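Keep in mind that this is a model prediction, so the values were computed, not measured.
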Amino acid sequence: MVHKVQGAVVMAKDAPVTLVTILVPDPGPGEALVDILTCGVCHTDLHYKQGGIGDNFPFLLGHEAVGVVSAVGPDVTTVAPGDRVILNWRAVCGNCRACRRGRPQYCFDTANATQKMTLEDGTVLTPALGIGAFAEKTLVAAGQCTKVDPDVDPAAAGLLGCGVMAGLGAAMNTGGVGRGDTVAVIGCGGVGSAAIAGAALAGATTIIAVDRDPKKLESAKALGATHAVDATAGDVVEAVRALTDGFGADVVIDAVGRPETYKQAFYARDLAGTVVLVGVPTPEMTLELPLLDVFGRGGALKSSWYGDCLPSRDFPTLIALYKQGRLDLDAFVSERITINDIEAAFTRMGQGAVLRSVVEFA
């Protein structure tokens, strides 16, 4: 059976988001059909729209989602119809060299649905991050579904599917922030704010938010930042050093992903400190650093892929913290919108007016 549903598609680079009828097949082996409840509007979707991730248009956007499994393939045992799930883009294979070494969070062969969703004329759609959740239904690999409690707000829980998990994980998993550490986060949008929340959860005592927008700095304080640095008011590196006894931070997280912010992160860390890049650069960006400075400062330069998370481990843990009142996922939900409002949500994102707009389908 093929399901006809409405989906938000971008047909060409920089084209507006359009609502069209898409065809979603019933699940085959290893697949699950999911009725979408909510989906966050993530900056990665904007990257797809702008052609920054690839040119396999048309793209079915959306990936930061919660839904209910409506059907599964004949061999699927991990989820069943009726399960409430967060969708993820790290369905680990269990067989690649990373998985065999006990590091499934770095799986090099993650799974997506084998069958394709299409337009009514048969044009194959490329689902964003293998998910494509700006639609009433989507088809994914069963491993992309992580069961969660049905009694939590799906708009908040779904943000673990990408941006919030990326930020939390950049601090807690990739950066290894621990009790008593000093942390600086450059860029306080959705991902950077989540990194601040993650640093606070991990027990950092000094958490420095860096941004150009005073509203974002205020939001960062509400999520755990102990200090705020206006990046337009002076030298960011010197400001971070002044707040860390002149040494620099133990961990500096670049949630912007530009050469200039990466250099700020590099020089704002303490000797033997850690830089974590979680902001996504565009393909043309390059970086130049004196190699002697790289050698002389020691420490670690890391990139954080999806917060180095393992969804089956991390999502249930973070949902438990949310239910305990220790992780305020609700604070990241700036507005609830319909599928008709996605283009406007991209505009508000570019203006820095929201942490997350969340599309509600039910």
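Side chains of Leu301 and Tyr262 form a contact here, defined as non-hydrogen atoms less than 4.5 Å apart. Phe332 is listed as a side-chain neighbour of Val164, based on a closest heavy-atom distance under 4.5 Å. With a 4.5 Å cut-off on side-chain heavy atoms, Pro316 and Val148 do not count as touching. Residues Thr38 and Val359 are not in side-chain contact: their nearest non-hydrogen atoms beyond the backbone lie 4.5 Å or more apart. In this structure the side chain of Thr138 reaches within 4.5 angstrom of the side chain of Ile36, judged on heavy atoms.
Judged by distance alone, with hydrogens and angles left aside, the side-chain atoms of Thr118 form no donor-acceptor pair with the main-chain N or O of Gly122 at under 3.5 Å. Under the 3.5 Å distance criterion, the side-chain polar atoms of Glu31 are matched with a main-chain donor or acceptor of Thr114. Remark: the backbone N or O of Ile207 is paired with a side-chain donor or acceptor of Thr226 at under 3.5 angstrom. Remark: the backbone N or O of Lys215 is not paired with any side-chain donor or acceptor of Glu218 at under 3.5 angstrom. Under the 3.5 Å distance criterion, the side-chain polar atoms of Asp83 are left unmatched by any main-chain donor or acceptor of Lys147. Judged by distance alone, with hydrogens and angles left aside, the side-chain atoms of Asp211 form a donor-acceptor pair with the main-chain N or O of Cys188 at under 3.5 Å. In this structure, Asp45 contributes its side chain and Gly62 its backbone to a donor-acceptor pair below 3.5 Å.
A search for ring pair (Phe, Tyr, Trp, His ring centres under 6.0 Å) contacts involving Tyr267 returns nothing, not counting sequence neighbours. In this structure Ala141 satisfies the side chain to side chain contact (heavy atoms under 4.5 Å, CB included) test together with Ala111, Gln144, sequence neighbours excluded. Listed by chain and residue number, Met285, Leu287 satisfy the side chain to side chain contact (heavy atoms under 4.5 Å, CB included) test with Pro259 (two or more places apart in sequence, or in another chain). Taking Thr205 as the reference, nothing meets the side chain to side chain donor-acceptor pair (under 3.5 Å) condition, with sequence neighbours excluded.
Residue Val92 is not grouped with residue Met165 when hydrophobic side chains (ILVMFWY) are merged at heavy-atom distances under 4.5 angstrom, including chains of intermediate members. Residue Val66 is grouped with residue Val41 when hydrophobic side chains (ILVMFWY) are merged at heavy-atom distances under 4.5 angstrom, including chains of intermediate members. No single ILVMFWY cluster, assembled from side-chain heavy atoms under 4.5 Å apart, contains both Val275 and Val183. Linking Ile, Leu, Val, Met, Phe, Trp and Tyr whenever their side-chain heavy atoms come within less than 4.5 Å leaves Val185 and Val237 in two separate clusters.
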Report task. Determine, step by step, whether Val17 and Leu61 satisfy the side-chain contact (heavy atoms from CB on, under 4.5 Å) criterion, reporting the C-alpha distance in whole Å, the side-chain angles of both residues, the deciding distance to 0.1 Å, and the verdict. Result -> CA-CA 9 Å; Val17 175; Leu61 301 180; 4.0 Å; yes
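Other residues, nucleotides and ligands contribute over 12 non-hydrogen atoms within 6.0 Å of the CZ atom of Arg336. Around atom NE2 of His3, more than 12 heavy atoms belonging to other residues, nucleotides or ligands sit under 6.0 Å away. Phe247 CZ: 12 or fewer foreign heavy atoms inside a 6.0 Å radius. For CZ of Arg212, the number of neighbouring non-hydrogen atoms (other residues, nucleotides, ligands) closer than 6.0 Å is 12 at most. For Arg103, the CZ atom is loosely surrounded, since the number of other residues' heavy atoms within 6.0 Å does not exceed 12.
Grouped with Ile22 in one hydrophobic cluster are Val5, Val9, Met11, Val20, Val24, Leu33, Leu60, Met117, Leu119, Leu125, Leu139, the linkage being side-chain heavy-atom contacts under 4.5 Å among Ile, Leu, Val, Met, Phe, Trp and Tyr residues. Side-chain contacts under 4.5 Å among hydrophobic residues (ILVMFWY), followed directly or transitively, place Val354 with no other residue at all.
Residues Ala65 and Ala133 approach most closely at CB-CB, 3.5 Å, considering heavy atoms. Summarising the geometry of Cys162 relative to Leu129, their closest heavy-atom pair is SG-CD1, 4.5 Å, with the distance given to 0.1 Å.
Between Lys263 and Glu288 there is no salt bridge, since none of the side-chain N atoms of the basic residue sits less than 4.0 Å from a carboxylate O of the acidic one. Glu343 and Lys49 are joined by a salt bridge, as a carboxylate oxygen and a charged side-chain nitrogen come within less than 4.0 angstrom of each other. A salt bridge links Glu238 to Arg241: at least one charged side-chain nitrogen sits closer than 4.0 Å to a carboxylate oxygen. A salt bridge does not link Arg84 to Asp151: none of the charged side-chain nitrogens sits closer than 4.0 Å to a carboxylate oxygen. A salt bridge links Arg348 with Glu335: at least one charged nitrogen is closer than 4.0 Å to a carboxylate oxygen.
Relative to the ring axis of Phe266, Arg269 places its NZ or CZ within 45° and under 6.0 Å from the centre.
Counted by atom type alone, Thr317 and Asp314 present zero donor-acceptor pairs between their side chains at under 3.5 Å. With hydrogens and angles left out, the side-chain atoms of Asn88 and His63 include no donor and acceptor closer than 3.5 Å. Glu360 and Thr338 share no side-chain donor-acceptor pair at under 3.5 Å. Side-chain contact, Thr206 with Thr182: no donor N or O sits under 3.5 Å from an acceptor N or O.
Ring-plane geometry between Tyr306 and Trp89 is classed as parallel, the angle between the planes falling under 30 degrees on a 0 to 90 degree scale with a further cut at 60.
Remark: of the listed residues Phe134, Phe59, Phe57, Phe59 is the sole one forming a ring pair (Phe, Tyr, Trp, His ring centres under 6.0 Å) with Tyr48. Tested against Lys323 for a salt bridge (charged side-chain N to carboxylate O under 4.0 Å, His left out), the candidates Asp153, Asp149, Asp328, Asp330 yield a single pass: Asp149.
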